[in-house]
2 protein chains.
Amino acid sequence: MQRVSGRRQQSAALACNNRPARVDPVNNRVTIVDVAARAGVAISSVSSALNDRPGVSEATRKRIVEAAHELGFVPSLRGRSLSSKRAFSVGLVVHRDPSVLESDPFFGSFIGGIETVLDAQNYALILQMGSEKIETLERYRSLAANRRVDGVFLSELGVEDPRIPLVEELGLPAVGVNAEPDFPLPAVRQSHVEGIRELVDHLVSHGHRRLALVTGPTEFIHAGQRLRAWSEAVAAHDLAPGEVVEGDFTYEGGVAAASRLLTDRAPDERPTAVMCSNDLSAIGFLARADELGVRAPDDISVAGFDGIALGSYIRPSLSTIATTPRLLGVEAARMLLAAIAGERVDDVDIAPARLLPRGSTGPAPAHS
Amino acid sequence: MQRVSGRRQQSAALACNNRPARVDPVNNRVTIVDVAARAGVAISSVSSALNDRPGVSEATRKRIVEAAHELGFVPSLRGRSLSSKRAFSVGLVVHRDPSVLESDPFFGSFIGGIETVLDAQNYALILQMGSEKIETLERYRSLAANRRVDGVFLSELGVEDPRIPLVEELGLPAVGVNAEPDFPLPAVRQSHVEGIRELVDHLVSHGHRRLALVTGPTEFIHAGQRLRAWSEAVAAHDLAPGEVVEGDFTYEGGVAAASRLLTDRAPDERPTAVMCSNDLSAIGFLARADELGVRAPDDISVAGFDGIALGSYIRPSLSTIATTPRLLGVEAARMLLAAIAGERVDDVDIAPARLLPRGSTGPAPAHS
DNA sequence: CACCTCTACCGAAACGTTTCGGCTTTCGGT
DNA sequence: ACCGAAAGCCGAAACGTTTCGGTAGAGGTG
């Protein structure tokens, strides 16, 4: 290593060995000054050249790029941050129970999708978890207070979600995920009305007439959205809306819903087909139904919503409406970066969630 | 809002309204200069005062703190970063399939634990996901190249893990999670030998003599660790080591293992008790066994490893060895922050994982 | 009273970029 | 041959901290 020790100087140009780029172990890193010296230009030119800004001739640009490469120059994120008033990272605050990531496929894939986009632009994702709602809000606030992030994702939106006024007040770029139509910020959405309609069609065409729905907690907007889509689809077949039970997206919620809908009832008073608002609760529903001697798909048809891997493993395998969280993440990230860049960003609708019929749904029981 | 518009000046002291702390929506934020002006001191004194450094009298310190509070001063992370050469964030690169977070409880709770510690110190977690191994390594490298993080967690360690030499070369503080004894960096560990021994004792005391093990992929060190613990515990009962099948931590892996161990065999050639290296594969094993007409716990006892919530839902509920990833995260974060602060940090062993006997294990079949 | 020490505080440099006004140089047009 | 514009390049300020050397004054000592 012939690098001069101590602080680097203009003399860096002397170290003309053509070694490949190499990161210094300790903090003695190569800066824009070194590159400028080596290329024999001013640092402002280096900056312009490396950021593809006009005002640099092609010849010098090439020389600068070469010098940068030879020295293994990596622009300091810190200097950049301070100067350009950007953090080069975006935030996602997960505001549910810490055990969410355990069983919820959404965030894993969603984050995966986000990553692919961020990475390409040298942005990073800061993940925070808050179990309490209040705490979550505080998280957003502090994230914004020291400008640790340039923007945030708003997922799992609630009705009257306090995060919306918050980010507006803070002037923090944000994009919503599966937001309501009147959402005041850019949003990416995956429609579920098609999938739900397909499911209802599927069920009705198999002779089902007594349908029921297990919703999510009504504080989340998608509970209402799915309820509405369901009601419309059912009404389109001139059927009664059927029972609606509020669940909570958990396995136990599904169990409770099954108990509620299936115990102390004559078979012809039970629904013959049930849609649960997510796969996990559908799986709970199936388990409890089985315990109660109500078999799927013979005695009852059950469908979920999400398309988690586990659903294809259980027996009977779970019919579901498959969403594409990864794609949602990709689009959300793209939009957020655009918003941060100050571009006008339009809402995006990705391909709707579709019915994925599997083993847990089938013909209605004959005697019904 | 009586704040002077445009750039702030020393005249900030004039804005003597005692409003509560308030963050400016746009980038026109209150800086250390404003605080200094208001308190009538030099900015260096403000810095010292707010960072609890000596050289400030109690009186002025109080005055400064007050001024800072009145103005709602939040030190700029960016300025701080540049000046102090720290990023105030740490990195975690998850290097498995994006679907990992779907079904693996580990990361959710682990991250939750990390968060609680980081948050208290105003650190943030940067999460990256890389499906490919190489890609993952590149992630670490770029994370370090622009010094986006001050340290990283090394989880899911592999044998001869290339990340170890990498962080050493980069001089990047790191802590290992469940590392081998000869791990060259600080590590937090949760022993599983106790739990595995408890499980083997439990099985043997229930009359089991033909045991089998479904491991994880051998490229992960914990596959070897668990295999060793298992072998020793079995040997302690003077039993044959039994069959060992390599799984892959997935549901399908469990299915495959069950097919392998249970088909084309007379009942007295089958193992009567099986431990799978994680819960998910144990659940897969159970499902496949059931399909093959081998019932748990009557015909076969099956246990998992992890303690995921789902295990308590299925029927029979899954006996398992319960780990505490959250605690692992807490300790890992504590250690990493200490390492970053330059303190000497010793390895930590948290309370061992313990057997959680549930429905999927029981007495060995009578005829065996 | 002169000297020294220590404390509290200040000023300025440093961290590594981006950005902007201004200076040369070049070149096309008359 | 001259002028103006535009392009290429430079220097310096700015971003908001931390840190370090230095200074004034208080207080103690001989």
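Here is how names work: the chains are called A, B, and so on, in the same order as the sequence lines, proteins then strands, and each is numbered from 1. Values below: all heavy atoms of this structure, side chains included; hydrogens, waters and symmetry mates excluded.
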Is there any protein nitrogen or oxygen under 3.5 Å from a nitrogen or oxygen in nucleotides 4-9 of chain C, and what are the pairs?
{"residue": "C:dC9", "atom": "OP1", "partner": "B:S57", "partner atom": "OG", "Å": "3.4"}
{"residue": "C:dC9", "atom": "OP1", "partner": "B:T60", "partner atom": "OG1", "Å": "3.3"}
{"residue": "C:dC9", "atom": "OP2", "partner": "B:S57", "partner atom": "N", "Å": "2.8"}
{"residue": "C:dC9", "atom": "OP2", "partner": "B:S57", "partner atom": "OG", "Å": "3.4"}
{"residue": "C:dC9", "atom": "OP2", "partner": "B:T60", "partner atom": "OG1", "Å": "2.8"}

Using nucleotides 4-6 of chain D, report all nitrogen or oxygen pairs with the protein that are shorter than 3.5 Å.
none

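At whole-Å resolution of the value, CZ in A:R148 and P in D:dG16 are 17 Å apart. In this structure, CZ of B:R86 is placed 12 Å from C1' of D:dT17, rounded to the nearest angstrom. Rounded to whole Å, the distance from CG on A:N146 to P on D:dC15 is 19 Å. For A:R147 and D:dC15, the CZ to P distance is 16 Å, given to the nearest whole Å. Separating the CZ atom of B:R53 from the P atom of C:dC10 is a distance of 17 Å, rounded to the nearest angstrom. The CZ atom of A:R29 sits 12 Å away from the C1' atom of C:dT17 (whole-angstrom rounding). Per the geometry, CG belonging to B:L77 stands 13 Å off P belonging to D:dG16, to the nearest Å. In this structure, CD1 of B:I32 is placed 16 Å from P of C:dA12, rounded to the nearest angstrom.
Across all strands shown, C:dT5 is found opposite D:dA26 as a Watson-Crick or G-U wobble partner, with both distances under 3.5 Å.
The side chain of B:R80 places an N or O atom within less than 4.0 Å of a non-bridging phosphate oxygen (OP1 or OP2) of D:dT18.
Looking at every heavy atom in both residues, B:V117 comes nearest to B:R334 through CG1-N, 3.8 Å. When all heavy atoms of B:A87 and B:R148 are compared, the pair lying nearest together is CB-O, 3.1 Å.
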- A:I340 and A:V90: CA distance, side-chain angles, deciding distance, side-chain contact (heavy atoms from CB on, under 4.5 Å) verdict: CA-CA 10 Å; A:I340 289 170; A:V90 296; 3.7 Å; yes
- Task: Using the salt bridge (Lys or Arg N to Asp or Glu O under 4.0 Å) rule, take B:R29 and B:D34 through it: C-alpha gap first, then chi angles, then the decisive distance, then the call.
- Result: CA-CA 10 Å; B:R29 316 202 29 229; B:D34 303 323; over 6 Å; no
- Query: Would A:D161 and A:L154 count as a side-chain contact (heavy atoms from CB on, under 4.5 Å) if you check the C-alpha gap in whole Å, the side-chain angles of each, and the deciding distance to 0.1 Å?
  - Reply: CA-CA 10 Å; A:D161 199 304; A:L154 298 180; over 6 Å; no
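Here A:S76 lies in heavy-atom contact (under 4.0 Å) with sugar-phosphate atoms only. Counting non-hydrogen atoms under 4.0 angstrom, B:I43 reaches a base of the nucleic acid.
When side chains are defined from C-beta on, B:V175 does not count as touching B:L185, because their heavy atoms never get closer than 4.5 Å.
For the pair A:R147 (side chain) and A:R86 (backbone), a donor-acceptor distance under 3.5 Å is absent.
Taking the side chain of B:N51 as heavy atoms from C-beta on, and the options C:dT17, C:dG16, D:dT18, the nearest nucleotide is D:dT18.
Not counting sequence neighbours, A:F183 has no partner by the ring pair (Phe, Tyr, Trp, His ring centres under 6.0 Å) test.
The only option from A:V188, A:I114, A:I111, A:L328 that meets the side-chain contact (heavy atoms from CB on, under 4.5 Å) definition with A:F153 turns out to be A:I114.
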